[in-house]
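Below, chain A is the first sequence line, B the second, and so on; all start at residue 1.
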Amino acid sequence: MDARIETLAGQLEAALSNELGGRVRVGNLVRLSGGASRETWAFDAKGAGGGAMSLILRKDFEGGRALGLAALMGEPDDYDRAAEYALFQALHAAGLPVPRPVCLPDPATGLSDCFVMERIEGEGLPRKLLRDEAFAEARSTMTAAIGAVAARIHGVEPGKLPQLPLRDVASQLVLCRRMLDLGGAPRPVFELALRWCADHAPGAAETPRLVHGDFRNGNFLVGPEGLRAVLDWEYAHLGDPMEDLGFLCLKPWRFGNHALHAGGFGTREELFKSYEAAGGGAVDPEAVRFWEVLGTVKWGALCTIRAALHLNGVQRSVEAAAIGRRVAETEFDLIHLLG
Amino acid sequence: MDARIETLAGQLEAALSNELGGRVRVGNLVRLSGGASRETWAFDAKGAGGGAMSLILRKDFEGGRALGLAALMGEPDDYDRAAEYALFQALHAAGLPVPRPVCLPDPATGLSDCFVMERIEGEGLPRKLLRDEAFAEARSTMTAAIGAVAARIHGVEPGKLPQLPLRDVASQLVLCRRMLDLGGAPRPVFELALRWCADHAPGAAETPRLVHGDFRNGNFLVGPEGLRAVLDWEYAHLGDPMEDLGFLCLKPWRFGNHALHAGGFGTREELFKSYEAAGGGAVDPEAVRFWEVLGTVKWGALCTIRAALHLNGVQRSVEAAAIGRRVAETEFDLIHLLG
Amino acid sequence: MAMAIDRPDAAELLEAVEEYLRDRALPALSGHAAFEARVAVNLLTIARRELDLGPALSGAETERMKRLLGRDGSPEDLEAALVDLIREGDLASRWDELMAHLRQTAEGKIRIANPKYLEDG
Amino acid sequence: MAMAIDRPDAAELLEAVEEYLRDRALPALSGHAAFEARVAVNLLTIARRELDLGPALSGAETERMKRLLGRDGSPEDLEAALVDLIREGDLASRWDELMAHLRQTAEGKIRIANPKYLEDG
């Protein structure tokens, strides 16, 4: 491991020196935990002039892209780290609260399938955000801040973004079908939910909007004063903005605060009000509910995939095994949503 | 743990200074592994004159005596560490290969239920004795040495020993019955073996002899040249000398060398020959077989007790749980012996 | 428990391993291996609840499917028939009965996998 | 496996914990805790063999007891009757049949607890 860290630090020094000019020194390189298909590393960089930066490296796991959404959908995976870097550049230029992209390493440095971005300090663990005294003030502002940032995301002019896949209801149902088929024997509850979704799909929006695609408590970086950044844009696509609002309201991201649908921070009504007040346009509660159902199916299907990857020996771990037994919770949630 | 070691070292210094005169210093005190009812510690002691000794402390485990044989038999446990110390003094005086007893600490030193003896270097692990190249020469002498030492044990004049319990067949059957009843639901194989033992008990010897009572591969201390000492005399009693020969031949102490009944070292015939050649008197093969059966029952019953102590919460551990599932092996052995 | 199974039986063995993991291994571990020790303990408690509750829950589920589908068959046959019904059948006429069955089945699975989830509501 | 049990099922969960203990915990442990990790792995393999083989072995044992005793009854009843026979009955007349039954039962238990013991002979 130490040898790998040294190699990686050297490669980062080469890439950043290229990008920024002058000799850059890399220190305190540590891998952060989590990530089934991607590695995240934190490090510090010091320029020749003495300026210091706190940075993050996002890097594809070896073989990780084979586990990605595009691979599951049978699509060519155009959305690689270079595409994600281009998206971050556009998001940052549009003034959204995202880490500033710093460098897309030249593969000649030995680094590929990765990019470097600014490291924003803050807390991301949902349980801490929902429970710790240190975030009491932040909590009182979170529902409004989440509604407002959703409105800003959905308001980005698509023409100012790099090309993103369009993921309408039909394509997402295909994805869920494919994941569930890969995930094991047919499950009556998911079959019922897929049929319900086919029957209750909202009409397509006139203009597809930028959708974060994984908009949930767990991808928000928060300081004591409130929301600082929205992370993890790898599922970003064009589609129905109501998808983000629905996904945010899933039960697994409430961490016990079940009456507060909006990520455990506030009620659906508060979320909708803040979204509309921030210029997000009129919320369609029926469409939000639809995306809650489809989002729950998608989350449950992803859990069956993680368990199947364990069962067929691709990625064995006690965590993956445990996830297989959490699928019942998503079935239970679906029955509540449909019943 | 460190605090306990310091206290114990201080108590040992006080006890040994009392016993030997002059200031004794204790060092390198470490607890050896193993022992369900007894702790064993190794340490070095240095006298004022510079003389150094390698020593062993045998100490009752807290609550350990409640798990002892006497407690299981409903007898008062007269056979405490003081009695064991007296036995070691007699055995050592009789010239048997046992560690020299050094000190029975005055309880005023804070040490009770323990004694100190000389530490003899050597290997005791059966698998090493039966497999390692280092003991190839020792192995060629072991059966003769074991037969000879058994003859010497059984030849000790009982009048020169401290009082020991008489354990004839009837009392051992009572013990097994009690252990099996404590160990769980009745087991047909053990019931059959107990009935067989009651029907096939050999006639009592004219004079009961000193019997080691736990005479097996595992209680022999061996150097490259051969047998150095016989350890673990806590089950010593007066009775039928054939008991030790039978117990030695149990399958669990052969560690895979199943054709070599005598502890995996040699055949029954070789054992009997060396015993008789060393003056042990005529061997009664039928009596030896009887004690093999009764020894197997006793060992199996002890295993059920260990498992029951785990199951009823007295001493929980994965090892004790595993022992419960080894009882089937003793049933299998009994069927072979009786069938 | 029949003679063929000695004690500690499977559930009791799992309990012994759980205690070892929690009381002996966990304090000696750190980082991700320690986190995984907690997950492993949880997996063993799930397995123990499955040994305890699984047979009765599976049996009750099969009975409900027979009633719902109005036919007999192995659990696998019945489940396949239920999936067919849900994919292509007329659901409106037996929506309540179907949902009741699915709810009971999901609740049963959660009683094994994570009973606290049911308390959360 | 009925719907009521999701995968990984109990046996698959035990396998995951075994791998964790052997490949992740054991290298990070030392001394007695490491020794116990190996014992714990063994306990989990015993439990898995019990889940796999236990029901059939128990069933076969019950059938043998019925034949041997010439009567019907629950496994517990039959086992108690067998113990009574062994303690007080006339064994000589059915010694071979009794020994065959006990041998098969012991072999079954060992196939779960320590299959290598049977190879040792």
task = Sort by residue number and list every member of residues 39-48 of chain D having a non-hydrogen atom under 4.5 Å from chain B.
result = D/V39, D/A40, D/L43, D/I46

key: chain B contact via D/E88 - which portion, at a heavy-atom distance below 4.5 Å   = backbone

query = Closest heavy-atom contact between B/R325 and D/A113?
reply = O-CB, 3.2 Å

inquiry  = One pair to check against side-chain contact (heavy atoms from CB on, under 4.5 Å): B/D333 and D/Y117. What are the steps and the verdict?
reply    = CA-CA 10 Å; B/D333 294 348; D/Y117 199 81; 2.7 Å; yes

inquiry  = With heavy-atom distances below 4.5 Å as the criterion, would you say the side chains of B/R326 and D/N114 are in contact?
reply    = no

ask   = Can you tell me how far the CZ atom of D/R103 sits from the CD atom of B/E331, to the nearest 0.5 Å?
value = 13.5 Å

query = So, for B/S317 and D/E36, which heavy atoms are closest and what is the spacing to 0.1 Å?
reply = CB-OE2, 4.3 Å

note = When rounded to the nearest 0.5 Å, the distance separating CD of B/E329 from CG of D/L118 is 9.0 Å

inquiry  = Once rounded to the nearest 0.5 Å, what's the spacing between atom CZ of D/F35 and atom CD of B/E319?
reply    = 4.5 Å

NZ/B/K128: more than 12 non-hydrogen atoms of other groups inside 6.0 Å = no

request  = Taking the side chain as every heavy atom from C-beta outward, state whether B/P186 and D/R87 have any atom pair closer than 4.5 Å.
outcome  = yes

task = Step through the shown structure and confirm whether more than 12 heavy atoms of other residues, nucleotides or ligands are within 6.0 Å of CZ on B/R119.
result = yes

ask   = How about D/L91 and B/L192: do any of their side-chain heavy atoms sit closer than 4.5 Å?
value = yes

inquiry  = Can you give me the closest heavy-atom contact between D/M99 and B/G339, atom names plus distance?
reply    = CE-CA, 3.5 Å

task = Heavy-atom distances under 4.5 Å only: say whether D/L85 touches chain B with side chain, backbone, both or neither.
result = backbone

remark   = Correct closest heavy-atom pair for D/I110 and B/A328 would be CD1-O, 3.7 Å

task = Compute both the distance and the angle, then confirm whether D/K109 meets the cation-pi test with B/F332: under 6.0 Å from the six-membered ring centre, within 45 degrees of the axis.
result = no

ask   = Atom CG of D/D84 and atom CD of B/E191: how far apart are they, to the nearest 0.5 Å?
value = 9.5 Å

note = Whatever's closer than 4.5 Å to a heavy atom in chain D on B/L334 counts as neither

query = If you count heavy-atom pairs under 4.5 Å between each of B/L194, B/I335, B/V327 and chain D, which one has the most?
reply = B/I335

ask   = For B/P188, which of D/L98, D/V83, D/T105 qualifies under side chain to side chain contact (heavy atoms under 4.5 Å, CB included)?
value = D/V83

query = Does atom CZ of B/R127 have more than 12 heavy-atom neighbours from other groups under 6.0 Å away?
reply = no

